[in-house]
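To keep things clear, I will list the structure first and then write my remarks on it.
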Amino acid sequence: MCLAYPMKVVAIEKDYAFCETSGIRRKVGIQLISNLRVGDYVMVHAGFAIERLNKDAAEETLKVLEEYEDALRGSTAQQKTRKSFSKKDS
Amino acid sequence: MEVCGTHTYSFFRFGLRKLLHPYVNFISGPGCPVCITTDTYIKEALILAEDKKNIIVTFGDLLRVRTESGSLEEMRAKGTDIRMVYSPLDALLLAKSNKKRRIIFLSIGFETTAPLVATTIKQAQSEKINNYFILAGNRLIPPALKALCSDREIEIEGFICPGHVSAIIGMYPYREIVRRYRKGCVVCGFEPVDIVFSLYLLLLQIKNRKPRLENTYKRVVRPSGNREAQLILREVFFVDDASWRGLGMIKKSGLFLREKFSHFDARQFIKEHVEESCLLKGCRCAEVIKGKIKPYECFQFKKKCSPQNPLGPCMVSFEGACRIYFEYGEEFDKINHSFPES
């Protein structure tokens, strides 16, 4: 339950911010963080930003996460092609 | 010991546990909010759910935990209004759109989640929303770690500390564990790379017999934590003794609403006395939470108890040790579980 995900702030409206990550947009409560600006990165847990992220670190993390996703997708795609090949062989 | 359930999940999902077997013995800690929530709390929620005026709002996992008086899921099947949300904010929105009914949010979770609930309460106070209530069941992590350190039956050499709890409380609360109990603490993120690095540091500490407090999640965790969150927590809640499933009563480990906010407390609607109760027969979740036994040592594991039909909370929650062992531990069952001496 203590899952949290880094998201980028794209717009701020009083106590809320619109945040984005990998194409997903969400309205997030930012009451727990002072002086937040558009372009900052935050960790989002259950609809609230719980902490601000160091910008470079955040971008690096997101890049690594995307690499994981690609790798996972790649490996399942490979498995599928392998399976289809083995079916053809038999 | 990895304190957080999400860490246990990562260990299994990325195969770290298997890789490091049998050299490192991982003990799953008490960091799964659903698992440590007591039956008494769920019984209170069930009593509240019986009243037709109330809408019970909760995080999903809690629904399926069974007690002697049934589970919330069974109540929902009978037509009671129980809803699942992603955020306490959704509960507040629900209160705004259902003025005639009482919205009762089942507030469980640790320091990561508690400030969010505190924020919604302050918002309800300022916007004069008077049909939003919470059933406070939030707990604090450092007192639980101290309780585990004082228990002689459990042998812990070091802690992988939960990253997002630490983002709120900072590093300082762990100092006592290092100084007084001589256990290493490494605050850790949730990516496999974070975990491997933290494990390396912790193992180095254990090898050199020099317990320290270290942080490998510096991109999120500041030494002093999130001050704003700490302030709002202190403003809305006070700390008192509270009971945990498995660990029993722990001093100064629970959060309860301060008098100023006591009109948000859902316990005012519970008239009858709720008796303390024990686990269902055959369930050994209490020992699993304490780290005394591994899930596969429970007689009901994979027999009477499975994710489809869970006997105890550790099989219900995605962060529960039993559930994780069930889903990812297949190869693990086949290898020899004995750990080499020294």
Side-chain angles (χ1 to χ4, degrees), chain A residues 1-9 12-19 21-22 24-37 40-76, chain B residues 3-7 9 14 31-34 59-62 85-93 108-113 115-120 122-123 141 162-168 189-194 217-222 225-233 317-319:
Chain A
M1 209 159 86
C2 289
L3 272 178
Y5 203 82
M7 290 183 105
K8 190 179 185 176
V9 178
I12 296 178
E13 210 176 84
K14 276 188 197 166
D15 285 343
Y16 296 93
F18 288 93
C19 296
T21 186
S22 15
I24 300 166
R25 203 167 216 236
R26 238 199 103 84
K27 194 177 171 186
V28 167
I30 51 167
Q31 291 93 331
L32 301 175
I33 294 177
S34 52
N35 305 324
L36 198 68
R37 288 197 198 130
D40 282 353
Y41 282 89
V42 286
M43 286 309 278
V44 176
H45 165 70
F48 281 88
I50 55 164
E51 187 57 292
R52 191 198 314 265
L53 263 104
N54 173 326
K55 203 168 180 178
D56 299 334
E59 273 165 11
E60 205 180 301
T61 315
L62 280 175
K63 219 172 109 189
V64 174
L65 284 178
E66 271 166 28
E67 274 173 31
Y68 280 145
E69 263 168 45
D70 288 346
L72 284 174
R73 234 177 263 145
S75 67
T76 45
Chain B
V3 178
C4 180
T6 315
H7 277 144
Y9 177 78
F14 296 104
C32 156
V34 173
F59 294 127
D61 285 1
L62 205 57
V85 286
Y86 160 72
S87 162
L89 215 54
D90 301 333
L92 197 63
L93 286 178
I108 60 162
F110 301 110
E111 289 94 330
T112 329
T113 321
L116 320 185
V117 180
T119 312
T120 57
K122 276 199 74 183
Q123 200 176 334
I141 287 284
H164 295 141
V165 165
S166 312
I168 303 289
F190 296 89
E191 298 313 317
V193 193
D194 290 328
Y217 202 29
K218 284 187 184 146
R219 61 183 188 271
V220 175
V221 178
R222 286 178 283 166
N226 182 340
R227 291 265 179 199
E228 278 96 357
Q230 290 165 16
L231 283 176
I232 198 167
L233 259 186
S317 173
F318 285 100
E319 288 181 311

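Here is the naming used below: chain letters follow the sequence lines, and residue numbers restart at 1 for every chain.
Looking at Tyr86(B) and Arg26(A), their side chains come closer than 4.5 Å, going by heavy atoms from C-beta outward. By the 4.5 Å heavy-atom criterion applied to side chains, Met43(A) and His164(B) are counted as neighbours. You'll find the side chain of His45(A) reaches within 4.5 Å of the side chain of Thr113(B), heavy atoms only. For the pair Leu116(B)/Ile50(A), a side-chain contact is recorded, criterion being any heavy-atom separation below 4.5 Å from C-beta on.
Here the CG atom belonging to Asn35(A) is positioned 8.0 Å from the CD atom belonging to Glu228(B), to the nearest 0.5 angstrom. We find the CG-CZ distance between Asn54(A) and Arg219(B) to be 10.0 Å, quoted to the nearest 0.5 Å.
The part of Gln123(B) that comes within reach of chain A is its side chain, from C-beta onward, which places non-hydrogen atoms under 4.5 angstrom from that chain. Heavy atoms of Tyr16(A) lying under 4.5 Å from chain B belong exclusively to its side chain. Residue Tyr217(B) touches chain A through its side chain alone, counting heavy-atom pairs closer than 4.5 Å. The part of Val165(B) that comes within reach of chain A is its side chain, from C-beta onward, which places non-hydrogen atoms under 4.5 angstrom from that chain.
When all heavy atoms of Leu32(A) and Pro115(B) are compared, the closest pair comes out as CD1-CB, 3.9 Å. A pairwise comparison of heavy atoms in Ala46(A) and Pro88(B) identifies O-CD, 3.9 Å as the closest pair.
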>> Lys122(B) vs Gln31(A), test: side chain to side chain contact (heavy atoms under 4.5 Å, CB included). Steps then yes/no.
In response: CA-CA 10 Å; Lys122(B) 276 199 74 183; Gln31(A) 291 93 331; over 6 Å; no
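Atom CD of Glu60(A) sits in a sparse spot, with 12 or fewer heavy atoms from other residues, nucleotides or ligands closer than 6.0 Å.
For Cys4(B), there are no disulfide (SG to SG under 2.5 Å) partners at least two apart in sequence or on another chain.
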